[in-house]
Amino acid sequence: VQLQASGGGLVQAGGSLRLSCVASFGWYAVGWFRQAPGREREFVAAVSGGGGSQYYADSVLGRFFISRDDANKYTVHLQMNSLKPEDTAVYYCASRTRYSSSWFDKNEYAYWGQGTQVTVSS
């Protein structure tokens with residue numbers, strides 16, 4: 001399985017960005033994680049294989065929205081609104097083909113994209 005993340009960039013605080021993750025074939029679930037310099041990689045959001053369930057970290061709840069592309073179910077978007085400087089990080093999408101009840105644990109995801117940098121200026 002190959003994952004390709006894109007859409008990162010530089011934005012001012014309060015702005016928006018949309019990240020996209022394209023997989024080489026279908027999957028069960030897709031999650032977004034982020035890692036800031038000197039910090040652990042942390043969970044951001046996840047969506048189920050069918051797209052009917054979404055999960056968010058408390059820090060992004062109400063600002064970030066994860067969804068599957070209507071036209072291409074192999075593509076997942078992360079819409080990020082009201083961005084804050086503390087959202088600055090490399091964002092990674094991840095996937096898995098094995099069922100797990102844990103959406104937040106990065107160790108439950110077997111496949112990872114290359115990461116895309118998001119920088120929010122104050």
Side-chain angles (χ1 to χ4, degrees):
V1 177
Q2 292 184 335
L3 300 169
Q4 182 72 35
S6 63
L10 173 64
V11 65
Q12 289 187 331
S16 298
L17 283 174
R18 190 175 82 157
L19 306 184
S20 296
C21 178
V22 181
S24 55
F25 65 88
W27 56 77
Y28 182 81
V30 169
W32 283 96
F33 292 76
R34 66 187 181 187
Q35 188 167 18
R39 300 189 64 176
E40 293 286 325
R41 190 169 298 189
E42 65 176 7
F43 171 78
V44 175
V47 63
S48 62
S53 298
Q54 301 85 36
Y55 306 86
Y56 298 96
D58 289 344
S59 59
V60 306
L61 192 62
R63 299 188 298 122
F64 290 12
F65 301 92
I66 190 170
S67 63
R68 288 194 179 274
D69 190 285
D70 288 339
N72 184 352
K73 295 300 183 182
Y74 292 1
T75 300
V76 169
H77 302 295
L78 182 68
Q79 179 66 42
M80 306 187 296
N81 302 325
S82 302
L83 283 161
K84 304 175 181 180
E86 51 263 43
D87 294 319
T88 295
V90 177
Y91 283 69
Y92 298 89
C93 62
S95 181
R96 62 194 184 197
T97 56
R98 182 178 64 88
Y99 172 79
S100 171
S101 60
S102 173
W103 297 94
F104 314 108
D105 186 352
K106 60 182 180 292
N107 297 312
E108 294 296 311
Y109 293 82
Y111 308 101
W112 292 82
Q114 85 286 6
T116 184
Q117 176 71 46
V118 171
T119 302
V120 184
S121 63
S122 57

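This chain uses plain numbering: 1 for the first residue, then up along the sequence. Since we're looking at a predicted model, the values are computed, not measured.
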**Fill in**
Rounded to the nearest 0.5 angstrom, the OG-CG distance for Ser95 and Leu3 is 5.5 Å
**Request:** Measure centre to centre between the rings of Phe33 and Tyr109, then say whether the value is under 6.0 Å.
**Result:** yes
**Message:** Taking the cut-offs as 6.0 angstrom to the six-membered ring centre and 45 degrees off its axis, would you call Arg96 and Trp103 a cation-pi pair?
**Reply:** yes
**Request:** Check whether any side-chain N or O of Tyr56 sits under 3.5 Å from a backbone N or O of Ile66 as a donor-acceptor pair, and report yes or no.
**Result:** yes
**Prompt:** Looking at Ser82 and Ser16, what are the two nearest heavy atoms and their distance?
**Reply:** N-OG, 4.3 Å
**Prompt:** Hey, is CD on Gln114 packed in by over 12 heavy atoms from elsewhere, all under 6.0 Å?
**Reply:** yes
**Item:** Summary of disulfide (SG to SG under 2.5 Å) pairs that have at least one residue in residues 51-91, sequence neighbours excluded
**Value:** none
**Request:** Please confirm whether the backbone N or O of Ser48 pairs with a side-chain atom of Arg68, one donor and one acceptor, at under 3.5 Å?
**Result:** yes
**Message:** Distance check, rounded to the nearest 0.5 Å: Tyr92 atom OH versus Leu19 atom CG?
**Reply:** 13.0 Å
**Message:** For a quick test of reading the model, state the closest non-hydrogen atom pair linking Arg39 to Glu42 and the distance between them.
**Reply:** NH2-OE1, 4.4 Å
**Prompt:** Measuring from Cys21:SG to Leu78:CG, what's the distance to the nearest 0.5 Å?
**Reply:** 10.0 Å
**Prompt:** When rounded to the nearest 0.5 angstrom, what is the spacing between CZ in Arg63 and NZ in Lys84?
**Reply:** 4.5 Å
**Prompt:** Strictly by modelled atom types, are Thr119 and Gln117 linked by a side-chain donor-acceptor pair under 3.5 Å?
**Reply:** yes
**Prompt:** Nearest heavy-atom pair of Val118 and Leu17: which atoms, and what distance?
**Reply:** CG1-CD1, 3.9 Å
**Request:** Using the six-membered ring of Tyr91, assess whether NZ or CZ of Arg34 lies under 6.0 Å from its centre and within 45 degrees of the ring axis.
**Result:** no
**Prompt:** Looking at side-chain heavy atoms only, is the closest gap between Phe65 and Asn81 below 4.5 Å?
**Reply:** yes
**Message:** To the nearest 0.5 Å, what is the distance between OG1 on Thr75 and CD on Gln4?
**Reply:** 11.0 Å
**Message:** Are the side chains of Met80 and Trp32 in contact, using a 4.5 Å heavy-atom criterion?
**Reply:** no
**Fill in**
Note: Val11 and Gly15 closest approach over all heavy atoms is CG2-CA, 3.8 Å
**Item:** SG-NE2 distance between Cys93 and His77, expressed to the nearest 0.5 angstrom
**Value:** 12.0 Å
